[in-house]
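Only this structure's heavy atoms are used, side chains among them; waters, hydrogens and symmetry mates stay out. Residue numbers start from 1 in every chain, and the chains themselves are labelled A, B, ... in the order their sequence lines are given, proteins ahead of strands.
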Amino acid sequence: MDYNFSEIEKRWQSYWSEQKTFAADENSQKEKFYVLDMFPYPSGAGLHVGHPLGYIASDIVSRYKRHLGYNVLHPMGYDSFGLPAEQYAIQTGQHPRITTENNIATYRRQLDLIGFSYDWDREVKTSDPEYYKWTQWIFLQLFNSWYDKDADKARSIEELISIFDKEGSSKLNAHTDSEISFTAAEWQEMDEKEQADILMDYRLAYLSDSFVNWCPALGTVLANDEIKDGKSERGGHPVERKKMKQWSMRITAYAERLLQGLDKIDFSDALKEIQRNWIGKSEGASIRFKVADREDEIEVFTTRPDTIFGASFMVLAPEHPLVDEISSKEQSKKVKAYQKYAASRSERERMSEVKTVSGEFTGAYAIHPFTNEAIPIWIGDYVLAGYGTGAVMAVPSGDQRDWGFAKKFGLEIPPVIEGQDVSEGADDRKDGKIVNSDFLNGLSVQDAIKKSISVVEEKGIGKGKINYRLRDAVFSRQRYWGEPIPIYFKDGMAKAIPENELPLRLPEIDEYKPTETGEPPLARARDWSFEGNPIETSTMPGWAGSSWYLFRYMDLERKNGFASEESLKYWENVDLYFGGAEHATGHLLYSRFWTKFLFDSGYLSTDEPFKKLINQGMILASDGQKMSKRYGNVVNPDDIVAQYGADTLRLFEMFLGPLEQSKPWDTDSIEGVHRFLRKFWRLYHNDQNELELSDEAADKKELRSLHKCIKKVSEDIESFSFNTAVSAFMICVNELQDLKCNKRSILEPLCILLSPFAPHISEELSSKMGHEGSISKLPYPKFNEAHLKQDEVKYPVSFNGKMRFMLELPADMPKDQVEETVLSHENAQKWLEGKAPKKVIVVPGKIVNIVV
RNA sequence: GCGGAUGUGGUGAAAUUGGUAGACACGCUAGAUUUAGGAUCUAGUGCUUCACGGCGUGUGGGUUCGAGUCCCUCCAUCCGCACCA
């Protein structure tokens, strides 16, 4: 065989590994460039050809940037805690660590086969105690912090305690669940437990009794982003709402900054929209309505306070705490029955029966704060307990859901905006003047919103408010294979395990199931205690370790902190991040959150982890389905590499189509790129497969071909359009083959140009051409515009916009002369049919269009 | 329902600011070489027509000398969110 890829690839892969060719410099004067792939979970199935797609793209950019003289950081690691290894352990008894190590070995072998330029000395594994020591450490920093809304940043709990000591809670503007206010004296009188309970409501990592998504099949709670259509994302098991004491992350404190931050990072619009949607900001007002003949008040949130005069009734969520208290005797039976009905409906049912209107009258009335009229209070399950205050002022003229409810139960629908037509449905127009609304009459919607809020505030019954849909993230998992939460309990209080005791290592246990009493697996450990006190038995979720791994890579030494100060300062954050869009509301939000927190705490110089994100598409199987063991349609990269070589695989994956698009794998067409590489090889060799290059000067056509390629390929890498870059190489090689070009001055730069895409063959040819060391150290070819200049231009000549014939003319021929030449041409005469042209458009160098 | 994305040959797909639609490949057809197969090379390949030509970028309209590209309308597919007040 002429082009012996297997021998070549083996040789260069071991050379790179021995020479540490791709190690990032520690102390470099060069400009840095950090290219990162989302690290994989090492599953037992190994890699299929879809996985390396993004890795290949990022590897091309990394190698390209090195040629351009950047100090490139391009690491890889493993998100190695997680459910599958643990499920396997439950079934077989094999320790998840063993399973994970085996899987990692497979991944590493497969990755190495493809020839990536990773700096493997910086590898991370989230399940490594030396790594999760710092995951636990960050958890403790969160545990020991609260959010100061005035400073708009996280501060330490120590500072909060000293504020409480000096002035109590009165002046504080903190992000908290606590509704208790107290003076400094009251604070000082509290016992330790009372103080601890209050502080817990401020901590950014906190323990609370709350409704969580419990998945009985997995035996653990799940975060919102781990649930798809009411079922667990992993395994598709049913999920139920359950009240449990759980650790959570106060990500809601960062809602506004997570939203604002999107404007300064380069993610796709689609992904930014998903995050905006998930954060779910809405502006409006919270207003309190008095309940008639009672002390109670009902607080509602509305985005349309301007329509308050259209509020003809109120609706509470069936779970609203006031429902039981305010229901009248006559109605209480019906109310109870409705509550029971609402509770019995699963999330799934509720979701699928969105259109069904149901509800019940409580028998109680609220007092409209401006008209003083009594308006009936209803309950209905279209009002969600978890959003806003769990209660709404129903404005049926402007809100379709309220309208439907009013129609069904025969409630009033008073219009409040000029020209509103409410006969067929709600009319939520925002143009027109407000009517029937006392002091708001005649105002525009925008002005009425402002005015109504200020009047509400004057009256002291409410205030302008911004609401977010984002919920705090549940952080406990009742599982074994995750980071232990470094907290122990003493006298009913959660205490941090001291930092110098970290890592808190996962204990060995005999079985990986929950205990008979339903406690998490860690409760099986023989001595799971700290100084005689029990340690928390739940572990951290998968996203903990992946929320900060980008920083660990920065530090080669790993002696000081989660990463050394100098390395954090030099590498800053990721310039280019490659990964799937499925992490939009999970990993990509959480790591932004942790980065902002670490920034607030003074460890980072930036509060965004990723400057730019590229979402690669999925590679589907040739039958158009997802590649999966289940369908038996998986293509293994090992097989492709064995048959065609890694360089072919790399080129082919890029050639398949635009990186960000999903596209099916088509093994047949891989021949095309393989053929291209063999043609490329033959350019450098004679018929006896000996390297044979000419030192003659290159002619115009050869230079033109090369420089066209340099320009196109560079532009395409910059714009992540790798598929067209590959075709540019094909065009260039086809042209050089036609020209029978074997000139060194053309083929040397071409080889460097190709090396980011097909590094093995390029290394081999470069070394055969006499270059010492790796081709990756050679500078990138310089593009010279002059070589693209043509003396002649082939003008397409159109009549009425339709191309009729081509005409070759000197490139510098002036406009009027082009017109003249074209018109006098015999072909033009034929199309003119003797008539005079109405108009002739000449775009120099581009086109001639004749209007007849 | 809301938001985002995508619609181009038999297939994967190209097409800078509006300027030759289908580059580059796969596949297919014919030929050369070969004992044969594979490999390689040459020519052809959007549809239609004997041909001149006509028609063609999801649909319908518009702007323009000229539209895959810009504007409006509708349709389809995929993704995300989904009673969010």
Side-chain angles (χ1 to χ4, degrees), chain A residues 1-2 228-229 268-278 280-282 284 300-304 307 311 315 317 350-351 353-357 380-384 386-395 398-402 404-405 428 467-470 581-582 584-585 617-618 622 651-652 655-658 660-673 675-676 678-679 682 711-712 715 719 721 723-734 737 794-806 837-843 845-852:
Chain A
M1 199 194 315
D2 38 6
K228 287 255 138 60
D229 301 327
S268 72
D269 288 343
L271 201 130
K272 285 186 181 183
E273 270 312 301
I274 293 173
Q275 292 213 347
R276 284 196 190 102
N277 205 311
W278 190 259
K281 180 179 183 174
S282 55
V300 300
F301 174 74
T302 175
T303 54
R304 294 294 301 272
T307 62
V315 185
R350 259 179 96 140
M351 270 193 251
E353 294 168 24
V354 159
K355 297 272 136 56
T356 326
V357 179
D381 69 357
Y382 82 90
V383 177
L384 305 174
Y387 182 76
T389 60
V392 300
M393 61 171 210
V395 183
D399 184 293
Q400 187 55 40
R401 294 154 303 174
D402 296 344
F405 198 85
D428 64 352
N467 218 19
Y468 300 92
R469 198 160 72 211
L470 184 71
E582 65 273 18
T585 53
M618 230 182 331
S622 43
L651 279 174
F652 181 60
F655 189 61
L656 224 39
E660 310 202 18
Q661 229 166 67
S662 287
K663 57 243 159 194
W665 179 265
D666 176 18
T667 301
D668 286 341
S669 53
I670 199 169
E671 294 283 354
V673 287
R675 246 172 246 163
F676 157 76
R678 299 174 62 158
K679 268 193 222 171
R682 280 201 304 271
K711 180 167 196 271
K712 178 76 179 145
E715 284 172 357
S719 60
S721 176
N723 54 330
T724 50
V726 175
S727 76
F729 281 120
M730 289 174 168
I731 291 167
C732 182
V733 166
N734 287 345
Q737 187 182 255
K794 272 192 172 173
Y795 278 96
V797 180
S798 332
F799 288 78
N800 292 331
K802 284 202 168 66
M803 208 283 287
R804 294 304 182 183
F805 62 92
M806 304 294 291
K838 278 188 190 148
K839 198 174 176 184
V840 179
I841 290 112
V842 178
V843 184
K846 277 269 158 76
I847 197 169
V848 179
N849 189 23
I850 298 158
V851 187
V852 198

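Annotation: B:G38 and B:G27 have their P atoms spaced 12 Å apart (nearest Å). Atom C1' of B:A13 sits at a distance of 23 Å from the matching atom of B:U17, rounded to the whole Å. With C1' as the reference atom, B:G19 and B:G37 are 49 Å apart, rounded to whole Å. Taking atom C1' in both B:A23 and B:G46, the straight-line distance is 14 Å, to the nearest Å. When the C1' atom is used for both B:G66 and B:U20, the distance is 12 Å, rounded to whole Å. B:C71 and B:G22: their P atoms are spaced 25 Å apart (whole Å). Comparing B:A21 with B:U57, their C1' atoms are spaced 7 Å from each other, to the whole Å. B:A5 sits 36 Å from B:G54 when the C1' atoms are compared, rounded to a whole Å.
B:G38 makes up no base pair with any nucleotide shown, lacking Watson-Crick or G-U wobble contacts both under 3.5 Å. With a cut-off of 3.5 Å on both Watson-Crick or G-U wobble distances, the partner of B:C78 is given as B:G4. Under the Watson-Crick and G-U wobble criteria, each requiring two contacts below 3.5 Å, nucleotide B:A13 is left unpaired. Both distances falling under 3.5 Å, in either a Watson-Crick or a G-U wobble arrangement, place B:A43 opposite B:U29. Taking a pair to require two hydrogen-bonding distances under 3.5 Å in either a Watson-Crick or a G-U wobble arrangement, B:A21 remains unpaired. Remark: B:C52 base-pairs with no nucleotide in the shown strands. Criterion, Watson-Crick or G-U wobble with two distances under 3.5 Å. Base pairing of B:U57: no nucleotide in any strand meets the Watson-Crick or G-U wobble criterion (both distances under 3.5 Å). Checking B:A85 for Watson-Crick or G-U wobble geometry (two distances, each under 3.5 Å) identifies no partner in any strand.
Looking only at side-chain heavy atoms (C-beta outward), A:Val851 and A:Asn800 come within less than 4.5 Å of each other. A:Arg469 places a side-chain heavy atom less than 4.5 Å from the side chain of A:Asn277. Between A:Val673 and A:Met730, some side-chain heavy-atom pair lies under the 4.5 Å cut-off. Looking at A:Trp665 and A:Leu656, their side chains come closer than 4.5 Å, going by heavy atoms from C-beta outward.
In this entry the distance linking CD of A:Glu273 with P of B:C78 reads 21 Å, nearest Å. A:Lys663 has its NZ atom 14 Å from the P atom of B:U6, to the nearest Å. Straight-line distance from the CG atom of A:Leu656 to the P atom of B:U11: 16 Å, rounded to whole Å. Between the CG atom of A:Asp381 and the C1' atom of B:C83 there is a distance of 9 Å, given to the nearest Å. In this entry the distance linking CG of A:Asn467 with P of B:C83 reads 15 Å, nearest Å. Taking atom CG of residue A:Asp399 and atom C1' of nucleotide B:A82, one finds them 14 Å apart after rounding to whole Å. Taking atom CG on A:Asp402 and atom P on B:C83, their separation rounds to 15 Å, with Å as the unit. If you take CZ of A:Phe301 and P of B:C83, they are 17 Å apart, rounded to a whole angstrom.
A donor-acceptor contact closer than 3.5 angstrom links the side chains of A:Asn734 and A:Lys679.
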Contact list (N/O, under 3.5 angstrom) for nucleotides 79-81 of chain B vs protein:
residue: B:C81; atom: O2'; partner: A:Asn277; partner atom: OD1; Å: 3.2
residue: B:C81; atom: O2'; partner: A:Arg469; partner atom: NH2; Å: 3.4

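If you take CG on A:Leu271 and CD on A:Glu582, they are separated by 10.0 Å, rounding to the nearest 0.5 Å.
The shortest heavy-atom contact between A:Met806 and A:Pro796 is SD-CA, 3.7 Å.
For A:Gln661, a side-chain nitrogen or oxygen approaches OP1 or OP2 of B:A13 to under 4.0 Å. For B:A85, one of the phosphate oxygens OP1 or OP2 lies less than 4.0 angstrom from a side-chain nitrogen or oxygen of A:Tyr387.
Each of A:Val315, A:Thr389, A:Val300 was evaluated against A:Val383; a single residue qualifies, A:Val315, per the side-chain contact (heavy atoms from CB on, under 4.5 Å) test.
Applying the 90° cutoff around 0 to the glycosidic angle, B:G54 is assigned anti.
Nucleotides of RNA chain B nearest to A:Arg682 and A:Arg804 differ in position, and the one nearer the 5' end is that of A:Arg682. Between A:Lys711 and A:Thr389, the residue anchored closer to the 5' end of RNA chain B is A:Lys711, taking for each the nucleotide with the nearest heavy atom.
Aromatic ring orientation, A:Tyr387 versus A:Phe301: perpendicular (interplanar angle above 60°, classes split at 30° and 60°).
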(request) Could you walk me through whether A:Glu715 and A:Lys712 pass the salt bridge (charged side-chain N to carboxylate O under 4.0 Å, His left out) test, one step at a time? (result) CA-CA 5 Å; A:Glu715 284 172 357; A:Lys712 178 76 179 145; 5.8 Å; no

(request) Classify every nucleotide of nucleotides 18-31 of chain B by which part a protein heavy atom approaches to under 4.0 Å, writing B for the base, S for the sugar-phosphate alone and - for neither, in 5'-to-3' order. (result) -BB--BBSS-----

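Residue A:Lys281 places its NZ atom among more than 12 non-hydrogen atoms of other residues, nucleotides or ligands, all under 6.0 Å distant.
Contacts of A:Ser669 classified as side-chain contact (heavy atoms from CB on, under 4.5 Å), with partners at least two apart in sequence or in another chain: A:Phe652, A:Asp666.
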